[in-house]
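Since the structure comes first, as structure tokens, the remarks are kept for the end.
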Amino acid sequence: MNNFEHLIDTEQIYQHAPSGYLSMLPDGTIIKINQTLLDWLGYQRENVIGKLNFSSLLSKGGAIHYEMFFRPMVSVNGNIKELNYELIGAGDKNFPALISANGVMDENRKLLAVNMVITDITQRNLYEKELLSAKNKLQSEKTRFELLADLSEELIWTVDYHGEVNYFNGRMSRYFNLSRGDAVTSILFQHIHPEDRRKLMQAWHGTDKTLDPYINRLRFGSEQKGYEWFEVHLIAVNDLAGDIRWFGTANSINHLMMTIERKDEFIHIASHELNTPVTVLKGFLQLMKYGLPAENMNNFISKCLATVNYFQFLIGSLLNVSVINSGELVLNISSFSLAELLLSCIEQASALSNSHTILLQSNVDKIFVTADKERITQVIINLLNNAIKYSPGKKEVLLMATLLPDQHQVAIAVKDYGVGIATDQLDKIFEKYYRIRETQSIKGLGLGLYITQNILMAHGTRLNVETKLGEGSTFSFIIP
Ligand code: ADP
């Protein structure tokens, strides 16, 4: 090995190493410095050696720290590791430095000199700054996402690699009454309808392997509060930080699902309703075919006509709905006597019922109104039919027409003393196909009030209800 010693120039290495080297006496007088450090500081060697004190290379604060900490530590411990100082060079040649030092001691542990290794950490500081700003940016992105997520009406959450929920938004926390730190995953599972839980587990198992998005309709809620339908989306995330595996959202589709359910129910009821008159009519016709005593013929024909009328009414309701749906409800406006119209409505409604008497209270004898006569007739007959249907066992129904004090408007009201309507049902009874569960034994398609409300809205007015469960209801509207 000795043969190669001459190839290594230690002085050259010392002078041009990528670190700065500096030696000083215990009082700080600089006795040796390498070229690298001189270049960093912008000094000439002859102006430094024996002339400059190390503390004069430090800022004011640095010099105090050096006196209070650096010097005593080196004297006692003999070394110091990686202290951070700002070094002040010539002109604006300042730079942040990391300094390690070793004391040279005599046999009595008296400090003779100090050797220092100095690293310029300008770059490192820049990296650290960039890292910090990236971290801050990430934090602000996270805050922004969470703020947005909290404003959302959707339930939003994320799941980590262990299947644990590690974030949920405000809506979700309110919906499930969650607090940070709860065992959210198991709470959520408890809130999924048992049938859907099984469905979810099966699908999830497959999805977790393939990382395909999972989209499904599930019911969340509880036995006590009832379940609501949600559309759930789970998307696998390729998260570099590694703490999010799944991103989940759920939005309420309860209204949609209820409408679909009601439509199915409606189709079931409507097909039965339509089938009944046809069966009855067929029976009558067969009887007639086999010959009937002449004296019964009239009676049978009347019954056939009544059945055909009911059939026509059912088909009429369906046609009305399709006209409303397509936005083609056109009014045929004319001016007519309100008193005559009311009498005609009573006559038509009475023909369908022999259980109730319709009493008229009116002060509109000479009043003419401008509206669609046929449609307003339809509205009043509909309300009268409902009043009769939903007051079984009662004898009277009231039809009231009142000229309002301004003499320009008439209030029409139909009052019954029947089953009444619960307050929480009031905003639903005008929906298409909606029928209150408690009255489902009474025949109906759930379309009457929907059609009525739409006819009145086309006239620029609306149906109002006053009702008390068990005491009866009053449906009213105003015609200009
Ligand atoms: P239906 O064909 O079921 O009678 P409607 O649209 O006319 O359909 O009414 C919707 C629901 O509102 C009914 O199912 C019934 O529960 C309730 N309802 C309507 N009118 C009355 C009333 N006068 N009294 C009590 N409940 C009523």
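Start at 1 and go down the list; that is how both ligands and their atoms are numbered.
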[X]: numbered ligand 1 atoms lying under 4.0 Å from its heavy atoms:
X	result
I429	10 (C), 12 (O)
V419	25 (C)
T439	14 (O), 15 (C), 16 (O)
S473	24 (N)

Quiz prompt | Shortest non-hydrogen separation from E141 to R144 and the atoms involved | solution = OE2-NH2, 2.9 Å
Quiz item: Has Q425 got any heavy atom lying under 4.0 angstrom from an atom of ligand 1?
Solution: no
Practice problem: Examine ligand 1 and decide if any of its atoms is less than 4.0 Å from a heavy atom belonging to G418. | Solution: no
So, [X] versus [Y]: side-chain donor-acceptor pair below 3.5 Å or not?
X	Y	result
S100	E82	no
T122	D120	yes
K432	N325	yes
E265	Y434	no

Can you tell me which residue and heavy atom of the protein come closest to [atom], and the distance to 0.1 Å?
atom	value
atom 8 (O) of ligand 1	G446 CA, 3.2 Å
atom 3 (O) of ligand 1	R435 NE, 2.5 Å
atom 20 (N) of ligand 1	N386 ND2, 3.4 Å
atom 17 (C) of ligand 1	I436 CD1, 3.9 Å
atom 6 (O) of ligand 1	L449 N, 2.8 Å

Please report whether ligand 1 has a polar contact with [X], defined as an N or O pair separated by less than 3.5 Å (distance criterion only).
X	answer
G420	no
I421	no
N382	no
Y434	no
K389	yes

Exercise. If the plane angle is over 60° it's perpendicular, under 30° parallel, otherwise tilted; pick one for F230 and F220.
Key: tilted
Practice problem: Name the orientation class of the two ring planes belonging to F300 and F284 (parallel below 30°, tilted from 30 to 60°, perpendicular beyond 60°). | Solution: perpendicular
Considering only NZ, NE, NH1 and NH2 on the basic side and carboxylate oxygens on the acidic side, decide whether [X] and [Y] come within less than 4.0 Å.
X	Y	value
E431	R262	yes
D196	R219	yes
R171	E153	yes

Quiz item: Nearest to atom 2 (O) of ligand 1 by heavy atom, L445, V465, T452: which?
Solution: L445
Quiz item: Which one of Y390, Y450, F475 has a non-hydrogen atom at the shortest distance from atom 14 (O) of ligand 1?
Solution: Y390
Enumerate, atom names and distances included, each donor-acceptor pair closer than 3.5 Å involving a side-chain atom of residues 470-480, sequence neighbours excluded.
from, atom 1, to, atom 2, distance (Å)
S473, OG, T467, OG1, 3.0

Practice problem: Could you see which bit of L447 sits under 4.0 Å from ligand 1, with heavy atoms only: side chain, backbone, both or neither? | Solution: backbone
Quiz item: Taking heavy atoms and a distance under 4.0 Å, where does D416 meet ligand 1: side chain, backbone, both or neither?
Solution: side chain
Quiz item: Less than 4.5 Å apart, any side-chain heavy atom of L445 and any of Y433?
Solution: no
